[in-house]
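Report on one structure; see the data block that follows.
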Amino acid sequence: MADSYLRQSALASLHLIARANQADSNAGLSMGERGFLCQWVVRGDAGNAVFASAVKDVTGCDLPIEPNTVQGSGYINVLWLGPDEWLIVAPDGSDAGPRLDEACKDIHAAVTDVSESRTVIVLAGEHARDVLAKGCALDFHARSFVVDQCAQSTLAHMHVIVHQRSDAPEFDVYVHRSFAESLWQWLEDAAAEYGFAVSNPV
Amino acid sequence: MLIIDCPYCGKRDEAEFHYGGEAHIVRPENPSELSDEAWAEYLFMRSNTKGRFLERWVHSEGCRRWFNMARNTANNEVEAVYLMGETPPKEVSK
Amino acid sequence: MKRYSIFSLVRNAVSHHKDWPKAWRSPDPKAEYDVVIVGGGGHGLATAYYLAKNHGITNVAVIEKGWLGGGNTGRNTTIIRSNYLWDESAHLYEHSLKLYEGLSQELNYNIMLSQRGVLNLAHNQHDLRELSRRISANRLNGIDSEFLTPADIKNMVPLMDVSPEARYPVMGASLQKRGGVARHDAVAWGYARAADDRGVDIIQQCEVTGILREGGAVTGVETTRGTIKAKKVALAVAGHTSMLAQMADVRLPITSHPLQAMVSEPVKPALDCVVMSNAVHGYISQSDRGEMVMGAGIDTMTGYTQRGALPVVEELQRAIVCLFPSFSRLRLMRQWGGIVDTCPDASPIVSKTPVGGLYVNGGWGTGGFKATPGSGWVYAHTIARDEAHELNAPFALERFTTGALIDEHGAAAVAH
Amino acid sequence: MTRQANRLGTDLVAGARIDRSKSIWFTFNGRRYEGHEGDTLASALVANDVQLVARSFKYHRPRGFFGAGAEDPCVMVQVGVGAETLPNLRATQVELYDGLVADSVNAWPSVNHDVGIVNDLMSRLLPAGFYYKTFMWPASWWTTYEHVIRNAAGMGVAPKQPDPDTYDHMHIHCDVLIVGGGPSGLAAALAAGRTGARVIIVDEQSEMGGSILASRLLVDDKPGAEWLASALAELGAMEEVRVMPRTTAFGHYDHNHMGLLERRTDHLGPGHDIARQRMWKVRAGQVIHAGGAIERSLVFAGNDRPGVMLASAAATYVNRWAARPGQKTVIFTNNDSAYGVAADLADAGISVQAIVDLRVEPGAAALEEASARNIEVLTASCVVETRGKRAVEGVTVMKLNDAGDGVVVGERRFDCGLVAVSGGWSPAVHLHCHAGGKVDYDEIQGCFVPGKTLEAARSVGAANGQLDLADCLTAGWQAGTNAAADTGFRKPGKVPKGPTATAVEVSPPRHVWIIPAKPGEENKVKRFVDLQNDVTDADVRLAAREGYRSVEHLKRYTTLGMGTDQGKTSNIPGLGILAAELEKSLPDVGTTTFRPPYTAITMGAIAGRYTGQMLEPVRRSPMHHWHENHGAAFEDVGQWKRPWYYPQDGEDMHAAVARECLAARNAIGILDATTLGKIDIQGPDASEFLNRIYTNAWSKLAVGRCRYGLMLSEDGMVMDDGVTSCISDNRYLMTTTSGNAASVMGWLEEWLQTEWPDLKVWCNSISEYWATLTISGPFARDLLAELCSDIDVSNDGLPFMSWREGTVAGAPARVFRISFTGEVSFEINVPASHGLGLWQALMTAGEKYGITPYGTEAMHVLRAEKGYIIVGQETDGTMTPYDLDMDWIVSKKKPDFIGKRSLGRADFLRDDRKQLVGLFTEDPLEVLPEGAQIVDDPNAPIPMPMIGHVTSSYLSANLGRSIALAVVKGGINRKGETVHLPLENGRTVRAEITGMVFYDPQGERLNG
Ligand SMILES: Cc1cc2nc3c(=O)[nH]c(=O)nc-3n(C[C@H](O)[C@H](O)[C@H](O)COP(=O)(O)OP(=O)(O)OC[C@H]3O[C@@H](n4cnc5c(N)ncnc54)[C@H](O)[C@@H]3O)c2cc1C
Ligand SMILES: NC(=O)c1ccc[n+]([C@@H]2O[C@H](COP(=O)([O-])OP(=O)(O)OC[C@H]3O[C@@H](n4cnc5c(N)ncnc54)[C@H](O)[C@@H]3O)[C@@H](O)[C@H]2O)c1
Ligand SMILES: Cc1cc2nc3c(=O)[nH]c(=O)nc-3n(C[C@H](O)[C@H](O)[C@H](O)COP(=O)(O)O)c2cc1C
Ligand SMILES: [Zn+2]
């Protein structure tokens, strides 16, 4: 049976990959889904050296202690979510989570697999900030929201984690799976006046 | 709408937070030993102060941490933010 | 009291309206009263009126820190209904509604009670279940209440969107035909005039700053206009109930919150009943002047600012525009806030207190305007006899100790 | 009529803000008119000599243009038709576009012949508050009276069709927000902008400039328009400065949260595919209020005749739009500013008959301006009447006595079609006050000026009581510099210089709140304070006499300032009259409260895009589209759409549910249970934590086992329930009801963080991680065994209330042997991305067993057959575990858990509490309505004592009869007794109290 089932990303029903091929290059922004990422929520005490070094060992990233920041290794990103909470994001197939869990087994820390809990919508281009600003009260101005900054907030009344990936600007918007279609719909509507292209981010 | 300085995430819109009522109401150690009156006091009776009020908030759409805040309920001036389990800073503890 | 009537209007027109008597006096406080009522809102004034009328107690002062009727009485959305779930509430609010029905004549002051019907909408299965529970209970309690299907609703309120395509479709409603609205200021003014006429001193611009006690019983109040002695002190201060009770070291299970309301610019009649929705959170009616009068939920934090925040306004307007897609083009003319005092069970407290001669009437939250006459009636009884009227006995402070709460959260929809 | 008879030529007015080369055609009250680009509806009508535009609220008296902008109380019009119609727009704020259709409101049959004028004839009978005194007899007639009153009231007409336009929102942050694009605001913006700060400057008019647009004064020695152009060019070039015309700052909320409303297409007319209006929500570091000042009227006899106009408005029509509001004019003033108006009018060829000044000594500069144009100045004089039919034709002027409360004999009559009035200036303190800012009274100017505020905000220019242009520029510059500095921005290097103008010396105004009428006419004339709501000085005084002495009483009794203009021009005069009547000072009387919005804002714009289907997000399970494609009817559960039932071949709900229920007991039913909340609980103290949260004991739950738990709130009431499983040592998976998923997660965090920080426990929500597919029924095990090879799913291998990890149809899975139907049942949890694949695999493989998807309705029936409760249906926040007959789940041993103490209170020990029981109707096919109330004696008089109500009720296809769950007072001990249910249709149904378990009472089917 193993090969008969299909894994479906949260936005699979929107056929974004097919739409991406008909992309409009004049668009004010692009939007696409980055699906199937490995994600773990990690809870622990930042001051615990074992914990911090376990994270470093497994992910290659320093544990971000500075609020609202991201540490990245190019392959794995660690997002600060709270004083004792982080999100580790890695490409499909990563085993960072189980390894970290193992490394932390003697300390009071927790690693929870949330890969399936959220998908990522990538917004990029000139008007990406405007679209975010239509539904989110964070200040996305280039002076106050910079590359490798992240924040949890709400976008169009849906909980999101926003991570600025580049100066393009490019944003990863993490949204809970059950909300993903609604958020996408809202984004399409918000982006319409600027013109947008569906992208196929990897 | 207030701006609340989450002790962990920094300044955010009040919309990201949930209100948690009066601060420093400690659950009695041994509820079963309390009289009905004393239990009702814990359960229901609140200071509801007009003026400087010590209250709890949680950054529900952000880091999900609880913290305390001193706010003037008569004009919404936020006077201090301090961590759960801490006593109010001197300038607001009267 | 010189009676108001069309004849008095004509007579006074001839004399260029120079001879109208004062609606109420502005007396200086006496040194001592039998009863001092703190708070010149509808409840305080009604209490004074019924103390005089029903119990013959006229040596009464109503002490108001601002202007009479300027609290929540002057800033509410004026919805009147009695279709509450629990027997205790239903009986109290129904008593109040009955008094309302004859109030203009009784007070000789037109309070413009408009029994145009109140609709409570249901948007899902859970709402429907709660609705039919309440309708059933109301009917057996003698309170008019009926179920309307979406088609019935469309007939009654043609501009409402009852289509199944709505995000939260309207699936039915309860209708209380005797429910409606009244002119809020007139209720306060009518009671003030009638109480004044029976000898009650209404003292405005006088704030109570302390409650005097001796041996566990009250002896008077401290005010910004001096000490006033009193055998009994009765609180009717809505949003400030806790503050006043605290002056007598009585702690209450009450929290105060901003509650906002707003009006659109006036338009010709476009909505003929009161519409309330819990799931799509908002309620609306059209005043006789033509504005849409609208309200929603409380701001969750404790507050005494008498204003609120923009998100509540947004939430409300989303609801209104969803229910009435054409009202989207109307314009908001004014928004304001009141301070409502809420109890953990969303029911009021009308009660004696541990302090002798001190009474409390509060915790009406978002829904005490409709209770004004009934509340005054039973509170006057409680004060006069030093024991609860049967209608307010369940609303005593003790219920928080015994646990006999009257939880009107779940089923009473938006509790206005 | 000639086209634009009152349009002034370029010879008379140079440089107006209209493009004379571009004509715009529009219709007013059915007639076509021409205007120019740059016109407002008002300026175009003035140019076309249309004077009568509206009728007043109460007396239906004729109304014309009184102001030129937001302050105008009178000229409300209905714009557009059909779905696009907009009621109550102020003609002075409507920008002209081609094809615009406007009509007067509140007039029938027309504004020229309005029958409502009978109210005016009866006005003696209709003083302030008359309706409180009458319409009371007979009581039953009130409804009729009310009907008439309602139809007479209101102004414009609400549209009847859904709004075809869209609206949206934008959040924005800035260092300095400047409200008002007049000279003060612009100077502030330049200063702040040059520091590099993020600056937003808004103005509600079509273009920036404020009073400059209508003034002939010089700035930096240049004509105002030139300076304006250069200032705007400079601001436009600054990267961090945003200039926003057509944008109203409508509210100043706590912590510098500012609401702006931008009108994006209104000036273009209907039919645009971008949002018509946009609400901006600003967080500003510093706010500068530079909204200018509003001119006041004077309260004199006949002051409401069309043709009576604020002096500043008259100048604005002339200077800004080259529109002549009258050929001959008399200026009536109490201050110097109207002299400038006189000069402007005179220079535009309007014959200024006289300046009537209340003061004995006008300012020297002002007098000079008049004498330079040979304008006669009548000092210590007042207009005692206006003459004319529908509009002003002339005025009578008399000398005022020293006290200002009477006139001296000897009158002068002037013919004029325009009376330009100035009663002084009121700073626009509105926004300053919204967030609790205080005001101080300026005795000399007779107005309130901004006082203390807690906000990081300041007021400048006319909004701060500075009426001289030079002061405004200096103050604006200062404010901009300081505000930027307060947010950390300073211009490096030399101290820059702001724009300048020549200061003008002025004399103070004279405040006479009621202008005396002609001797002997005091009782005959009407002097209006509020032109929209028809409040006269007599009304104000009457209110005071009757005891409505507080300003707030005055306002509410007379409706002064409660119209759509919110009393911008009338409040202060009203207060002045009240103060005089009460013999108090004006500041002692105080002012009413300024509330948002500054000018009315579209309700749709406040809602933004969150209307219709976008009201709230929809939550969908991974199998949502499968359900949709298979015809599911959906039920809203919170934000989730859940399959309610799956009708086939024209089945109704009843038939579909019956089929689904039968399948779940006789074959296999499959349910999408993804919406359940799931929480990962880890840590050495996890079981202790569960012990405190749940009523039952958790210490001994072995890995691989599951247990049902009940959660109470601290007041002892059932809050949530669900199954919690032990995943590994110190690790649990808690499930919650769908509706409470978020709140339970919050509840756990709250206790952990605030009360028990010493407990070593971590909670993480994984609700969204798992898709949950429940299969239930006699063949469920066979089906599962087929698709799952790595778990022994036999009764021994996977006993009831246990779980195993493995793969199902190739997907990594956790299989829980738990049951909400009473059948053998497996809850298969797979990562959400596998949900749809697994669902399809189960459907395919299950076909031979008759697998049938069932929705929430069948689920409800199936669990009710077993007497399982649903929190929120059997409970309503007033039910304890004992009330639910669930004593077994309340640990007697645990010293404490949340809610335990409350269970011991007096009211909880009553034996007549409402308790959960089953009900069997006498007629087995009678299905009780849910919610029906239960009584012992159906013949008891109303109010009939009620003893409970039906919480759940269904026709059970499996049992072939109806079943119901109900709460009944003392019900647990009343089994076998008969109760009565009086229904809405008048019938009374009899039912027997039974136990709650209707089906398979021994629970044999659980193990298959
Ligand atoms: C926006 C809003 C909408 C509402 N909508 C509805 C509705 O539709 N239907 C409904 O039934 N109810 C509604 N309510 C609730 C209703 O307005 C109140 O429950 C009711 O008016 C309370 O009346 P009251 O006389 O007890 O209080 P108030 O009218 O508030 O009077 C209390 C008075 O006490 C005075 N006071 C306070 N402290 C002191 C002191 N120390 N000394 C002297 N005087 C003092 C205050 O100045 C005030 O005048 C609404 C409330 C608000 C705010
Ligand atoms: N001579 C006098 O007595 C007198 C009196 C008043 C004003 N003035 C003159 O008026 C000028 C005052 O300049 P200023 O810049 O202070 O005021 P201004 O009147 O020139 O500009 C204020 C601007 O703010 C706008 N505005 C007001 N409220 C707003 C809101 N809520 N949202 C958006 N825009 C809003 C208005 O549309 C206007 O364009 C000076 O030139 C002064 O000399 C003179
Ligand atoms: C039922 C009702 C109708 C109202 N209608 C109007 C109105 O037509 N115009 C207006 O300006 N205000 C109206 N208001 C609001 C009052 O002006 C005022 O804002 C409110 O009573 C609160 O008082 P405050 O703003 O002085 O604090 C109304 C208030 C209520 C309660
Ligand atoms: Zn935070």
Side-chain angles (χ1 to χ4, degrees), chain C residues 4-6 9 13 16-17 20 22-24 67 70 104-105 109-110 114 124-125 129 132-133 136-137 140-142 159 167-168 185-186 264-270 288-290 309-310 313-314 317-318 320-322 325-336 402-404 407 409-410, chain D residues 86-88 124-125 127 131-136 139 146 149-150 153-163 253 259 523 542 546-547 550 552-553 556 564 595-597 600-604 606-607 610-611 613 615 636 876-878 905-908 929-933 942-944 946 949:
Chain C
Y4 292 154
S5 69
I6 182 69
L9 257 178
H16 301 285
H17 301 290
W20 286 109
K22 285 212 173 342
W24 49 77
W67 39 287
S104 291
Q105 286 70 27
Y109 204 100
N110 192 349
S114 177
N124 55 45
Q125 296 300 307
R129 211 177 287 123
S132 58
R133 175 180 176 193
S136 173
L140 297 183
N141 269 325
L159 295 183
R167 174 68 184 87
Y168 293 118
D185 294 324
S264 74
E265 292 182 335
V267 288
K268 294 292 175 194
D288 282 351
R289 287 172 48 79
L310 192 53
V313 185
E314 291 178 43
Q317 292 308 328
R318 291 200 288 271
I320 299 300
V321 171
C322 279
S326 62
F327 292 178
S328 165
R329 294 178 88 76
L330 301 186
R331 298 193 300 174
L332 197 70
M333 178 167 78
R334 187 173 174 98
Q335 66 167 110
W336 64 93
T402 64
D407 194 326
H409 278 121
Chain D
L86 288 161
N88 299 346
R124 270 264 199 105
L125 282 177
Y131 30 79
Y132 300 124
K133 295 175 174 145
T134 182
F135 301 135
M136 287 180 275
E146 191 192 24
I149 292 173
R150 289 191 65 187
M155 283 284 182
V157 179
K160 305 234 162 2
Q161 289 112 288
D163 190 342
Y253 300 90
N523 283 329
L542 170 66
E546 287 196 84
S550 149
E552 301 289 358
H553 284 156
R556 288 157 177 82
T564 60
R595 296 281 194 182
I601 50 172
T602 308
M603 286 162 52
I606 307 172
Y610 306 106
T611 64
Q613 276 298 324
L615 171 66
D636 287 306
D876 60 358
T878 70
R905 291 177 299 163
D907 198 64
F908 290 62
E930 286 173 351
Q933 294 289 324
I942 300 282
M944 193 184 288
M946 287 167 260
H949 74 279

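Please read these numbers as outputs of a predicted model, since none were measured by experiment. All heavy atoms count here, side chains included; hydrogens, waters and symmetry mates do not. Lettering follows sequence order; numbering is per chain, from 1.
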**Q.** Any side-chain heavy-atom pair of Ile606(D) and Val313(C) under 4.5 Å
**A.** yes
Q: Identify which part of Tyr253(D) has an atom lying under 4.5 Å from any heavy atom of chain C, answering side chain, backbone, both or neither.
A: side chain
(Q) Only pairs of heavy atoms separated by less than 4.5 Å count here; which of Pro127(D), Ala158(D), Gly877(D), Pro929(D) has the most with chain C? (A) Pro127(D)
Q) Of the backbone (N, CA, C, O) and the side chain (C-beta and beyond), which part of Thr878(D) lies under 4.5 Å from a heavy atom of chain C, both, or neither? A) side chain
Q: For Leu140(C) and Gln933(D), work out which heavy atoms get closest and say how close.
A: CD1-CB, 3.7 Å
Q. What part of Ser550(D) gets closer than 4.5 Å to chain C, counting heavy atoms only: side chain, backbone, both or neither?
A. side chain
Q: Could you grab the distance from atom NE2 of His16(C) to atom CZ of Arg124(D), nearest 0.5 Å is fine?
A: 4.5 Å
Q) Can you find a heavy atom in the side chain of Glu546(D) that is under 4.5 Å from one in the side chain of Lys22(C)? A) no
Q | Top contributor to chain D interface from Gln105(C), Gln125(C), Arg129(C) [non-hydrogen pairs under 4.5 Å] | A | Arg129(C)
(Q) Let me confirm one number: the CE-OG distance from Met603(D) to Ser264(C), rounded to the nearest 0.5 Å. (A) 6.0 Å
**Q.** Interface moiety of Val321(C) toward chain D, non-hydrogen atoms closer than 4.5 Å
**A.** side chain
Q: Would you mind checking which part of His553(D) comes under 4.5 Å of any heavy atom in chain C, side chain (CB onward), backbone (N, CA, C, O), both or neither?
A: both
Q. What distance separates Ile6(C) CD1 from Thr134(D) OG1, expressed to the nearest 0.5 Å?
A. 4.0 Å
Q) Asn141(C) versus chain D, heavy atoms under 4.5 Å apart: side chain, backbone, both or neither? A) both
Q) What residue, out of Pro269(C), Ala309(C), Gly142(C), has the most heavy-atom pairs lying under 4.5 Å from chain D? A) Pro269(C)
Q: State, to 0.1 Å, how close Arg334(C) and Arg595(D) come at their nearest heavy-atom pair, and which atoms those are.
A: NH2-CG, 3.1 Å
Q) Between Lys268(C) and Ala153(D), is there a donor-acceptor pair closer than 3.5 Å when you use the side chain of the first and the backbone of the second? A) yes
Q: Could you have a look at Leu86(D), Ile942(D), Asp163(D), Ile149(D) and say which one has the most heavy-atom pairs with chain C under 4.5 angstrom?
A: Asp163(D)
(Q) Is it the case that the side chain of Ser326(C) and the backbone of Pro159(D) share a donor-acceptor pair, with hydrogens and angles ignored and the cut-off at 3.5 Å? (A) yes
(Q) Just so I understand: if I count every heavy-atom pair under 4.5 Å between each of Pro597(D), Ala932(D), Gly547(D) and chain C, which residue has the most? (A) Pro597(D)
Q | Heavy-atom pair with the smallest gap, counting every atom of Ser136(C) and Gly931(D) | A | CB-O, 3.7 Å
Q.
Is Leu159(C) in contact with chain D via its backbone, its side chain, both, or neither, using a 4.5 Å heavy-atom distance?
A. side chain
Q.
So does Glu930(D) get a backbone contact from the side chain of Ser132(C), meaning a donor-acceptor N/O pair under 3.5 Å?
A. yes
Q.
Give me the atom names and distance for the closest heavy-atom approach of Pro87(D) to Glu265(C).
A. O-OE1, 4.0 Å
Q | Shortest non-hydrogen contact from Gly403(C) toward Arg905(D) | A | CA-NH1, 3.5 Å
Q | Spacing of Lys133(D) atom NZ and Trp20(C) atom CH2 [to the nearest 0.5 Å] | A | 4.5 Å
Q.
If I measure from the heavy atoms of chain C, does Glu146(D) come under 4.5 Å with its side chain, its backbone, both, or neither?
A. side chain
Q. Looking only at heavy atoms, what is the nearest atom pair of Gly259(D) and Leu310(C), with distance?
A. CA-CD2, 4.5 Å
Q: For chain C, find which of Asp907(D), Thr611(D), Leu615(D), Leu542(D) contributes the most heavy-atom pairs closer than 4.5 angstrom.
A: Asp907(D)
Q. In terms of heavy-atom pairs under 4.5 Å with chain D, which of Pro325(C), Ala404(C), Ser328(C) leads?
A. Ser328(C)
**Q.** Any Arg167(C) side-chain heavy atom under 4.5 Å of Asp636(D) side chain
**A.** yes
**Q.** Contact origin within Leu125(D) toward chain C - heavy atom pairs under 4.5 Å
**A.** both
Q. Which distance, rounded to the nearest 0.5 Å, do you find between the CZ of Arg329(C) and the CG of Asn88(D)?
A. 13.0 Å
Q: Using non-hydrogen atoms and a 4.5 Å limit, figure out which bit of Asp288(C) sits close to chain D: side chain, backbone, both or neither.
A: both
